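None of these values were measured; they are calculated from a predicted model.
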Amino acid sequence: MRLQELLKNIKPVTIVGDVETEITGVNIDSRRIKEGHLFIAMRGTQVDGHKFIPKAIEQGARAVLCEEMPATLADGVTYVRVESTEDAAGKAATIFYGDPSRRLKLVGVTGTNGKTTIATLLYNMFRKMGHKCGLLSTVCNYIEGEAIPADHTTPDPIELNELLGRMADAGCEYAFMECSSHAIAQKRISGLKFAGGIFTNLTRDHLDYHKTFENYRNAKKAFFDGLPKTAFAITNADDKNGMVMVQNCKAQVKTYSTRQMADFRGRILECHFEGMYLEIDGHEVGVQFIGKFNVSNLLAVYGAARMLGKAPDDILVVMSTLHSVSGRLEPVHSPEGYTAIVDYAHTPDALANVLNAIHEVLNKKGHVITVCGAGGNRDKGKRPLMAQEAVRQSDKVIITSDNPRFEEPQAIIDDMMAGLTAQQRKNVVTIVDRKEAIRTACMMAQKGDVILVAGKGHENYQEIKGVKHHFDDKEVLRDIFANQ
């Protein structure tokens, strides 16, 4: 593909060299550059890609997209200076991979909590309805049934377009993806055409990156600002930021709610640990999920399926067969008669939602023991809030290590404990070793109790000092139960 063609949606400031140069690949990582590639120099949060322009040329790059021209220009290399390589990267990748988002219907899901559940349920639902589909999620990416490990909630723009291109080439009619606030702010989704967007909710998260809640909110809102008139936007009317998201949205706006008038409405009729009976738009349906927040998730799924042309009865029949996503309110039953729930909840609001769901089912007939921690090198402000939420809705709390990354686990625990009063601390135990913390919770539990192991969910590792060690909460629980 000629460089000139790759630049058709980009406005260069300066071009030095031949735009007729043949380009064989596009990349933002100099280590992956091969002969004939276009190297895009991105200014990352940790590293400035401009420093690696010489390395990329040494690897075989024949063109460079940059924000600042190097002091020395290599012979035979075309340099294209733009205002923002962050914005240009997605547009170039979209063209190189054949504009894949226009060859299928792409639906994005954004918000603090619920993204993985909604995107995955839509993927599973539409496959059960006979459609070929792709999924881009925190847990795993899928092209039809082929699993592709996920390192980020939303991949970089090159990998993203490559995956979408593979989906389109495989005959996928739909693709469902999580759109993280980082990805939106960093314009990883630049150049993509969305058939629809879904807003879940907005609570405190990622302030280590966005700095203020307003910046975080505006990153989410930018996704809806960019939807075309031909798309749909489904927003949560129960969230105070739900209508803010769609203030400047050109797409067709629809709402969902469990509490007020909306385009798609639902409520709980009965609730058990095995699932719930719901009323959705006047129809009764049994589902294999628990918790009011999951009613909201299912309403978003229902609304999106309706907007994609599916009949209510067909949607509800398939919905009744769907299962929860790995590590989301996933039960592990003890032979001793108590239940452990593994969940990815790693924000104060997510923790509150999961504990609410557990109490809805328990109905004061058992005790709740919560094991939780907080991630290292992330928003420190949410640590005391998580501890407060855990104590507020639990009979006993064990605060432990999550993914400490490059921080000391005890320092993170101390930050969480700082949010508690002397009275609250009486029901809290701190154990740095996560396996021992889970084992201690199991020793405390009696028949009919529930242990919530929160924070890691589907993750099968613990990241300590830059190294990922195998650790799976579900495996730990099953090993403990096998030796009881």
Visitor: Looking at the rings of F471 and Y461, which for Trp means the six-membered one, are their centres under 6.0 Å apart?
Guide: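 For F471 and Y461, the ring centres are not under 6.0 Å apart.
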Visitor: How far apart are the C-alpha atoms of V450 and I369, what are their side-chain angles, what is the distance that settles it, and do they pass the side chain to side chain contact (heavy atoms under 4.5 Å, CB included) test?
Guide: CA-CA 6 Å; V450 173; I369 303 166; over 6 Å; no
Visitor: Within a 6.0 Å radius of atom CZ on F289, are there more than 12 heavy atoms belonging to other residues, nucleotides or ligands?
Guide: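 Yes, because the 6.0 Å sphere around CZ of F289 holds more than 12 heavy atoms from other groups.
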Visitor: Any donor and acceptor pair, going by atom type alone, linking the side chain of D343 with main-chain N or O of G457 inside 3.5 Å?
Guide: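 No; judged by distance alone, with no hydrogens or angles, the pair does not exist.
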Visitor: Quick one: sort the Y174 and H131 rings into parallel, tilted or perpendicular, breaks at 30° and 60°.
Guide: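 Plane angle over 60°, so perpendicular.
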Visitor: Give me the ring orientation class for F481 and Y338: parallel if the planes are under 30° apart, tilted from 30 to 60°, perpendicular past 60°.
Guide: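 Ring orientation, 0 to 90° scale: perpendicular.
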Visitor: Do T112 and K220 have a side chain donor and acceptor closer than 3.5 Å?
Guide: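 There is no such pair (donor and acceptor under 3.5 Å, judged by atom type) between the side chains of T112 and K220.
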Visitor: Under a 3.5 Å cutoff, is there a donor and acceptor pairing between the side chains of E178 and T138?
Guide: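 The answer is yes; a qualifying pair exists.
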Visitor: Side chain of Q388, backbone of L385: donor and acceptor closer than 3.5 Å?
Guide: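 Not confirmed, Q388 side chain does not pair with L385 backbone.
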Visitor: If you take the centroid of each ring, where Trp contributes its six-membered ring, are F176 and F126 closer together than 6.0 Å?
Guide: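 So the answer is yes for these two rings.
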Visitor: Looking only at side chains, do N297 and T200 share a donor and an acceptor under 3.5 Å apart?
Guide: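 There is no such pair (donor and acceptor under 3.5 Å, judged by atom type) between the side chains of N297 and T200.
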Visitor: Under 3.5 Å, side chain of R259 to main-chain N/O of D238, donor-acceptor pair present?
Guide: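 It does hold such a pair.
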Visitor: Measuring centre to centre across the rings, with the benzene-like ring taken for any Trp, is F223 within less than 6.0 Å of F199?
Guide: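 No, too far apart.
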Visitor: Check whether K187 reaches the backbone of I184 with its side chain - one donor and one acceptor, N or O, closer than 3.5 Å.
Guide: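 No.
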Visitor: For a side-chain hydrogen bond (donor to acceptor under 3.5 Å, both in side chains) check, start with the C-alpha distance between Q410 and D414, then their side-chain angles and the critical distance, and finish with the verdict.
Guide: CA-CA 6 Å; Q410 186 61 56; D414 291 345; 2.9 Å; yes
Visitor: For the side-chain hydrogen bond (donor to acceptor under 3.5 Å, both in side chains) test, which of R378, K468, K456 pairs with N403?
Guide: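 Exactly one pass, corresponding to K456.
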